[in-house]
Amino acid sequence: MAKLPGRKRGRALSRLAVAAVAAALVGTSASAAVADAPAPVPAPVKKLDIDSLAQTPPKAGASARVKAQEAPAFGLFGVERSSGFLYHYAPNGTGGLDERLFAGADWDLIKAAALVDQNDDGMGDGSWAWDYAGNLYFSDAQTEDEARTIGSGWNIYNKVLSPGNLGGGTAYDILARDGSGVLWLYLGYDNGKVDPRVKIGAGWGGYTQISGKGDLTGDGKADIVARDGSGVLWLYKGTGNYKAPFAPRVKIGAGWNEYNTLVTTGDVDIDGRADLIARGSDGKLWLYKGTGNASAPFAPRKQLGFGYNIYSWMF
């Protein structure tokens, strides 16, 4: 069991992995609820029943709809700044987010996390997480085992994410940017282990946000977006070749500096395409619906809610 001093890590990460499976199931609901304002800590919130979720069958029609998706539907997770509590917002099936669910405590010790769909069935089945001590953990929702340590020394990176399968294999891979702006690729496996890193290229230190989760261009390959210091958003189209995983960047548009967070959680509106979520400095949350068109990957934004600045980070 992976631990940090005085705090249990394995249990929290196992809860996240199981919650990832729940995200795909709950996300097919036809509920009309919209997550307008995250409730403060004292307000009642529904708590995830981890034991029962593992045995909960999909709702009617959910299995067929999930399997037809090209992008997984993970839902949005946020770590509350004041408490370190992890909360989950599932897609509500109508283009928005459902009410939040409590998903775990002690997440102030985690620096970054990424949900994965290792068997490509549209549902989350595990997660990677990185703590401030530089440890990499993997939690498998299929086995519900406690999180296990995959490696150490990851605190050399200031940005780590898992956009999907970048190397043409069967499992999700990891991107990591070091302090000098070099981007590295780690080919991943179903059990959470990774191959030695492969250098992608330098010059990535100029980006203030890098995000991705699934296919944005309609070709079945995972892509990423990156925002530079001037607020321009760029698309890096995936190639499926781990030695050169991205095509030359394409400009999406300017003015993206109004957001302090860009996060991709897969398919939010359950139309089979990956979407982008952006949080403004005022705490408003916006959805950029994916189009599947490489020349214009996002539709005009739609507000999902407000009050999301209570979260220190989201994924």
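Side chains are part of it too, since the values below use all heavy atoms of this structure and drop only hydrogens, waters and symmetry mates.
With Phe315 as the fixed residue, the side chain to side chain contact (heavy atoms under 4.5 Å, CB included) test singles out one of Thr264, Leu115, Thr265: Leu115. When each of Trp204, Tyr157, Trp184 is paired with Asp178, the side chain to side chain donor-acceptor pair (under 3.5 Å) condition holds for Trp184 and for no other. For the side chain to side chain contact (heavy atoms under 4.5 Å, CB included) with Trp234, the qualifying choice from Ile252, Val250, Asp228 is Asp228, the only one to do so.
Taking the six-membered ring wherever Trp is involved, the centroid distance between the rings of Phe85 and Tyr311 does not fall below 6.0 Å.
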Could you walk me through whether Asp125 and Asp117 pass the side-chain contact (heavy atoms from CB on, under 4.5 Å) check?
CA-CA 5 Å; Asp125 48 33; Asp117 174 18; 3.6 Å; yes

Check the pair Trp286, Phe306 against ring pair (Phe, Tyr, Trp, His ring centres under 6.0 Å), reporting the backbone distance first and the verdict last.
CA-CA 9 Å; Trp286 301 90; Phe306 56 89; over 10 Å; no

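The main-chain N or O of Asn260 is found under 3.5 Å from a side-chain atom of Gln209 such that the two form a donor-acceptor pair. Using modelled atom types, no side-chain atom of Lys159 and backbone atom of Gly205 make a donor-acceptor pair closer than 3.5 Å.
Residues Tyr137 and Asp131 bring a donor and an acceptor atom of their side chains to less than 3.5 Å of each other. No donor-acceptor contact under 3.5 angstrom links the side chains of Asp195 and Tyr242, judged on distance only. Using a 3.5 Å distance cut-off with no hydrogens or angles, the side chains of Asp219 and Thr217 do pair a donor with an acceptor. Under 3.5 Å, the side chains of Asn135 and Trp154 contain no donor-acceptor pair of N or O atoms. In this structure, a donor-acceptor pair under 3.5 Å is present between the side chains of Thr261 and Arg279. A donor-acceptor contact closer than 3.5 angstrom is absent between the side chains of Ser127 and Ser139.
You'll find the side chain of Val116 reaches within 4.5 Å of the side chain of Trp128, heavy atoms only. In this structure, the side chains of Asp190 and Asn119 stay at 4.5 Å or more apart for every pair of heavy atoms. Counting only heavy atoms from C-beta outward, the side chains of Leu216 and Val225 approach each other to under 4.5 Å. The shortest distance between side-chain heavy atoms of Leu175 and Val160 does not fall below 4.5 Å. Here the side chains of Gln303 and Leu285 are not in contact, with every heavy-atom distance at 4.5 Å or above.
Minimum interatomic distance between Pro91 and Ile270 (heavy atoms only, all atoms of both residues): CB-CD1, 4.0 Å. Taking both residues in full, the closest heavy atoms of Tyr172 and Pro72 are given as OH-CG, 3.4 Å, listed atom of the first, atom of the second, then distance.
Judged by the 6.0 Å and 45° rule, Arg301 forms no cation-pi pair with Tyr288.
Between Asp223 and Lys237, none of the side-chain N atoms (NZ, or NE/NH1/NH2) sits under 4.0 Å from a carboxylate O, so this pair counts as no salt bridge.
Within 6.0 Å of NZ on Lys193 lie no more than 12 heavy atoms contributed by other residues, nucleotides or ligands. Within 6.0 Å of NZ in Lys284 there are 12 or fewer heavy atoms belonging to other residues, nucleotides or ligands.
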